[in-house]
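This report concerns only the one structure given below.
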Amino acid sequence: MADATVSVRAHCKLLLHAAKYPHSSVNGILLAEDNKNKDLNKSLRYVDCVPLFHVSLGLAPMLEIALLHVDAYCKSKGLVIAGYYQANENLNENEMNHVSKTVGKKVQENFHDVCVLIIDNRKVKPETVSQPYKVFAHKENGWKEIEKKSSSTEDELQKEQCLYTLLKSGAQRHVKDFDNHLDDVRNDWRNLELNDMIARCI
């Protein structure tokens, strides 16, 4: 499979989602550029993410609705649903569970090289400098943790500094997930405001 890297935007948004709901499990979809007609050996880069749920992660009807919306958005932007992230409710639980395996397989139906990121809740804080999530890929005999390829020091430093600034400023309050959107359609799950905040931080 292609090497997977996570952009500053995707990195910050998925961790801000977890920070907004420290008392709940959260999940979301990772988006990559659609390289169908490009070099197939190009590394997989998650350029953005869409926060999905914080109330109940495993409800199939809600997930189907969300995926339809996100898929339509991706087609208009030249993106593809290529991964999944999850933070579990238990502070010390940072392994895949039934929900992450099920949704991961669902995403894999349309994108073979899917990765699942499991957030380590203990590292969702401004001072964190080590890798805050585990990366899993689907092999022949099930989901296996893969060793994260080291990014450039500059790239990692930019992620750390941006996340530190955003968490210190309370930017997690601006995260809108699909649960928020279903409560009130004025809550934009695309998080354009938050994207601007991250861009200014970068």
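These numbers were taken from a predicted model, which means no experiment stands behind them.
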Walk me through whether Leu14 and His17 qualify under side chain to side chain contact (heavy atoms under 4.5 Å, CB included).
CA-CA 5 Å; Leu14 66 91; His17 189 205; 5.5 Å; no
Is Asn180 reaching over with its side chain to a backbone N or O of Asp177, donor-acceptor style, under 3.5 angstrom?
yes
Hey, does Ile29 have a side-chain heavy atom less than 4.5 Å from the side chain of Tyr84?
yes
Between Lys176 (side chain) and Asn187 (backbone), is there a donor-acceptor pair under 3.5 Å?
no
Does a donor on one side chain and an acceptor on the other come within less than 3.5 Å for Tyr133 and His11?
yes
Please give me the minimum heavy-atom distance between Val47 and Leu79, naming the atom from each residue.
CG2-CD2, 3.7 Å
Least distance between heavy atoms, Ala137 atom then Ile146 atom:
CB-CG2, 3.9 Å
Search all heavy atoms of Leu44 against all heavy atoms of Asp113 and return the closest pair with its distance.
CD2-O, 3.7 Å
Got a second to check how far Ile202's CD1 is from Lys159's NZ, nearest 0.5 Å?
10.5 Å
Any side-chain heavy atom of Val50 within less than 4.5 Å of one from Ile81?
no
Is there a side-chain contact between Leu167 and Leu16 in this structure, where contact means two heavy atoms from C-beta onward sitting under 4.5 Å apart?
yes
Exam field: side chain Lys20 to backbone Val175, donor-acceptor pair closer than 3.5 Å
yes
Restricting to pairs with a member in residues 49-78, which pass ring pair (Phe, Tyr, Trp, His ring centres under 6.0 Å), not counting sequence neighbours?
Tyr21-His54, His69-Phe178, Tyr73-Trp189
What is the distance from atom CG of Leu57 to atom CE of Met62, rounded to the nearest 0.5 Å?
13.5 Å
Above 12 or not: heavy atoms from other molecules or residues under 6.0 Å from OH of Tyr164?
no
Is there a donor-acceptor pair under 3.5 Å between the side chain of Tyr46 and the backbone N or O of Cys115?
yes
For Leu166 and Gln172, work out which heavy atoms get closest and say how close.
O-OE1, 3.9 Å
What's the spacing between Met96 CE and Lys144 NZ if we round to 0.5 Å?
11.5 Å
Which atom of Val26 lies closest to which atom of Ala18, heavy atoms considered
CG2-CA, 3.8 Å
Sequence neighbours excluded - salt bridge (Lys or Arg N to Asp or Glu O under 4.0 Å) pairs with any residue from residues 82-102:
Glu95-Lys134
So do Val80 and Cys74 actually touch side chain to side chain, heavy atoms under 4.5 Å?
no
Calculate, to the nearest 0.5 Å, the distance between atoms CG and OG1 belonging to Asn97 and Thr102 respectively.
8.5 Å
Side chains of Cys162 and Ile198: does their closest heavy-atom pair fall under 4.5 Å?
yes
In the structure I gave you, are the side-chain heavy atoms of Trp143 and Lys105 within less than 4.5 Å of one another anywhere?
yes
Presence of salt bridge, Arg9 and Asp48, under 4.0 angstrom:
yes
Going by the salt bridge (Lys or Arg N to Asp or Glu O under 4.0 Å) test, which pairs reach into residues 60-75, not counting sequence neighbours?
Glu64-Lys106, Asp71-Lys75
Would Leu91 and Arg122 count as a side chain to side chain contact (heavy atoms under 4.5 Å, CB included) here? Give the steps.
CA-CA 6 Å; Leu91 183 68; Arg122 297 164 297 187; 3.8 Å; yes
Hey, mind stepping through Ser25 and Gln86 against side chain to side chain contact (heavy atoms under 4.5 Å, CB included) and telling me if it holds?
CA-CA 7 Å; Ser25 299; Gln86 182 172 307; 5.5 Å; no
Heavy-atom pair with the smallest gap, counting every atom of Val70 and Leu31:
CG1-CD2, 3.9 Å
What's the separation between atom CG in Asp179 and atom CG in Asp184, rounded to the nearest 0.5 Å?
13.0 Å
Measure the spacing between CG of Leu15 and CG of Asn121 and express it to the nearest 0.5 Å.
10.0 Å
Is there side-chain contact between Leu63 and Leu59, with at least one heavy-atom pair below 4.5 Å?
no
Test item: Leu117 and Val135 side chains (from C-beta on) under 4.5 Å apart, heavy atoms
yes
Using a 3.5 Å distance criterion without hydrogens, assess whether the side chain of Asp188 forms a donor-acceptor pair with backbone atoms of Arg190.
yes
